[in-house]
> 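Below are the structure tokens for one structure; questions will follow.
Chain letters run A, B, ... following the sequence lines, proteins first and then strands; every chain starts at 1.
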Protein chains: 2
Amino acid sequence: MTRMHKENNLSKNQQIIFDLIDRSSEPLKAYTILYNVQKKGINAPPQVYRALDKLVEIGKIHKIESKNAFVACKNSDCEISKATAFSICESCEVVDEISDVKLSKYLSSFNHKKGMKFKRFNLEFFGLCKKCK
Amino acid sequence: MTRMHKENNLSKNQQIIFDLIDRSSEPLKAYTILYNVQKKGINAPPQVYRALDKLVEIGKIHKIESKNAFVACKNSDCEISKATAFSICESCEVVDEISDVKLSKYLSSFNHKKGMKFKRFNLEFFGLCKKCK
DNA sequence: TTAGAATTGTTATAATATAACAGCATGTAA
DNA sequence: TTACATGCTGTTATATTATAACAATTCTAA
């Protein structure tokens, strides 16, 4: 069985699922993940969703809400998913995480102005990427 | 039967469903809508989803992606859903559409910089509203 | 008045997500 | 050492969200 150290590591299922998402060039959906890890002994949706929930919680992956799909975090500035932004090509479906400190500062401060106690935001841009336009 | 003029109007089902969403103080989910319009002769999910799709397309409502729920558009500046932004209270679940020309200009121009041909964006802020914090 | 487009109604099913329960492994405290 | 708490796992069943596919009707424009 997997050894669990308090400080860091992912559990077996979490690691399997994170690796799959991290290696993928595109956002993966929960059931796509399930089909791809059944050979590794992960058989049922709750096992996938539990790992996904945890990975989202600790900021290793993000959920693309408009696609119900998951990508590995590529942005050390997102501060455990407090400030996420993505560009999504409507033609080829490529998703890129946007890393832009100015943008996240702008949006965080915008939020404060509006009287809300800020916890996090998620921004999704849609359009055509360089290749597709 | 409903008369259909090119210029404007909603069809019967579209109007029923729009009215329900517009009168609601909170985002409504598709099946909540379904339960609430069955007395009006709308019996099946596709009827609801078709009306929702159309209402989203023409900008009368928006989908809150993180909640799979729908709200009436309160923002004449969103330009048929090209530039949508919401604040979402994680405690009381209140959702408000943000109307801020500066914000949408900022985000539209940000997007252009990144080499993507801009079509639209959706921004969701999460936190605690004034009442809940 | 007729063809095309949009809308409606219906049944069935696909896709996404969670509830509920039982068991095991690890870390901590008595 | 035992006992308890916590977190992860495995499993079955089910809830929730969304669409496919087909037939019929209504509206609009020419």
Side-chain angles (χ1 to χ4, degrees), chain A residues 1-21 24 26-71 93 95, chain B residues 1-21 24 26-71 93 95:
Chain A
M1 261 296 98
T2 317
R3 306 219 65 225
M4 300 291 294
H5 294 284
K6 197 183 192 178
E7 310 86 26
N8 52 346
N9 289 330
L10 300 180
S11 73
K12 176 168 125 301
N13 289 359
Q14 289 161 12
Q15 188 69 57
I16 290 168
I17 287 172
F18 174 72
D19 286 344
L20 184 67
I21 295 170
S24 173
E26 59 187 8
L28 294 180
K29 288 168 164 274
Y31 278 74
T32 305
I33 293 168
L34 177 57
Y35 300 140
N36 279 285
V37 296
Q38 283 183 328
K39 57 184 91 90
K40 300 228 162 113
I42 297 175
N43 303 301
Q47 297 175 284
V48 173
Y49 281 101
R50 282 191 296 233
L52 290 173
D53 288 348
K54 189 68 186 182
L55 291 167
V56 166
E57 183 192 325
I58 65 178
K60 300 280 284 181
I61 65 173
H62 302 305
K63 183 174 186 180
I64 308 300
E65 294 286 355
S66 60
K67 299 171 81 75
N68 298 316
F70 299 84
V71 294
E93 308 271 307
V95 171
Chain B
M1 259 301 94
T2 317
R3 308 222 59 227
M4 301 290 296
H5 295 283
K6 194 186 191 178
E7 310 84 25
N8 53 347
N9 289 328
L10 301 180
S11 74
K12 177 169 125 302
N13 289 359
Q14 290 162 12
Q15 189 69 56
I16 290 168
I17 287 172
F18 175 73
D19 287 345
L20 184 68
I21 295 170
S24 172
E26 58 186 9
L28 294 179
K29 289 169 162 269
Y31 278 75
T32 304
I33 292 167
L34 177 57
Y35 300 141
N36 279 284
V37 296
Q38 284 183 328
K39 57 182 92 90
K40 301 227 162 115
I42 298 176
N43 302 302
Q47 296 175 284
V48 173
Y49 281 100
R50 283 192 294 231
L52 290 173
D53 288 349
K54 189 68 185 181
L55 291 167
V56 166
E57 183 192 325
I58 65 179
K60 299 282 285 181
I61 65 173
H62 302 305
K63 183 174 186 180
I64 309 299
E65 294 287 356
S66 60
K67 300 171 80 75
N68 298 315
F70 299 85
V71 295
E93 307 271 308
V95 172

> Looking only at side-chain atoms of B:Ala30, point me to the closest of C:dT10, D:dA18, C:dT7.
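Nearest to the side-chain atoms of B:Ala30, counting from C-beta on, is D:dA18.
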> Rounded to the nearest Å, what distance is computed from the CD atom of residue B:Glu65 to the P atom of nucleotide C:dT16?
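So the CD-P distance, B:Glu65 to C:dT16, works out to 13 Å.
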> Between A:Lys60 (side chain) and A:Leu10 (backbone), is there a donor-acceptor pair under 3.5 Å?
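No; zero donor-acceptor contacts below 3.5 Å.
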> Using whole Å, report how far CG of B:Asn13 lies from C1' of D:dC27.
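Checked: the CG to C1' distance equals 15 Å.
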> Quick one: on DNA chain C, does A:Asp53 or B:Ala44 contact a more 5' nucleotide (nearest heavy atom)?
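By nearest-heavy-atom nucleotide position, the 5'-most residue is B:Ala44.
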> Give a yes/no on whether any side-chain N or O of B:Tyr49 is located under 4.0 angstrom from OP1 or OP2 of D:dT19.
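So the side-chain polar atoms of B:Tyr49 never come under 4.0 Å of the phosphate oxygens OP1 or OP2 of D:dT19.
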> Is any side-chain nitrogen or oxygen of A:Gln47 closer than 4.0 Å to OP1 or OP2 of D:dT9?
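Checking A:Gln47 against D:dT9: no side-chain N or O falls below 4.0 Å of OP1 or OP2.
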> Rounding to a whole Å, what distance do you find between A:Lys67:NZ and C:dT16:P?
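A:Lys67 atom NZ is separated from C:dT16 atom P by 12 Å.
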> OP1 or OP2 of D:dT9 less than 4.0 angstrom from a side-chain nitrogen or oxygen of A:Lys12, does that happen here?
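False: A:Lys12 side-chain N/O out of range (4.0 Å or more) of D:dT9 OP1/OP2.
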> It should be established whether A:Asn43 places a side-chain nitrogen or oxygen under 4.0 Å from OP1 or OP2 of nucleotide D:dT12.
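No, outside the criterion.
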> When you measure from the side-chain N and O atoms of B:Lys63 to the phosphate of D:dA18, is any distance below 4.0 Å, counting only OP1 and OP2?
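Yes, such a contact exists.
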> For the side chain of A:Pro46, starting at C-beta, report the closest nucleotide among C:dT7, C:dA17, D:dT12.
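In terms of side-chain proximity for A:Pro46, the closest of C:dT7, C:dA17, D:dT12 is D:dT12.
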> Figure out the CD1/C1' separation between B:Ile58 and C:dT7, and round it to whole Å.
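About 13 Å, once rounded to whole Å.
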> Please report the distance, rounded to the nearest Å, between CG in A:Leu28 and C1' in C:dA15.
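The distance from CG of A:Leu28 to C1' of C:dA15 comes to 16 Å, rounded to the nearest Å.
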> Report the distance from atom NZ of A:Lys54 to atom C1' of C:dT18, rounded to the nearest whole Å.
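That distance rounds to 18 Å.
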> Could you tell me whether the side chain of A:Tyr31 has a donor or acceptor atom within less than 3.5 Å of a complementary atom in the base of C:dA17?
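Under the 3.5 Å cut-off, the side chain and the base do form a donor-acceptor pair.
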> Quick check: any donor-acceptor pair below 3.5 Å linking the side-chain of A:Arg50 to the base of D:dG7?
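Donor-acceptor pair under 3.5 Å: no.
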> Hey, does the side chain of B:Gln14 reach the backbone of B:Ser11 with a donor-acceptor pair shorter than 3.5 angstrom?
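Yes.
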> OP1 or OP2 of D:dG7 versus the side-chain N and O atoms of A:Ser11: is any pair under 4.0 Å?
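Checking D:dG7 against A:Ser11, no side-chain N or O comes under 4.0 Å of OP1 or OP2.
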> DNA chain C: B:Asn68 or B:Ile42, which has the more 5' nearest nucleotide?
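Upstream on the strand: B:Ile42.
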> Send over the distance from B:Asn9 CG to C:dA5 P, rounded to a whole Å.
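Taking atom P of C:dA5 as the reference, CG of B:Asn9 is at 22 Å.
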> If only side-chain N and O atoms count, and only distance matters, is there a donor-acceptor pair under 3.5 Å linking B:Asp19 with B:Gln15?
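Indeed, the side chains of B:Gln15 and B:Asp19 share at least one donor-acceptor pair under 3.5 Å.
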> Calculate the interatomic distance between B:Leu34 atom CG and D:dA18 atom P; express it in whole Å.
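For the pair B:Leu34 CG and D:dA18 P, the rounded distance is 13 Å.
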> Check whether any side-chain heavy atom of B:Tyr31 sits under 4.5 Å from a side-chain heavy atom of B:Pro45, and report yes or no.
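Side-chain contact under 4.5 Å: yes.
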> Would you say the side-chain atoms of B:Asp53 pair up with the backbone N or O of B:Ala51, donor to acceptor, closer than 3.5 Å?
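Flag not set: sc B:Asp53 to bb B:Ala51 has no pair under 3.5 Å.
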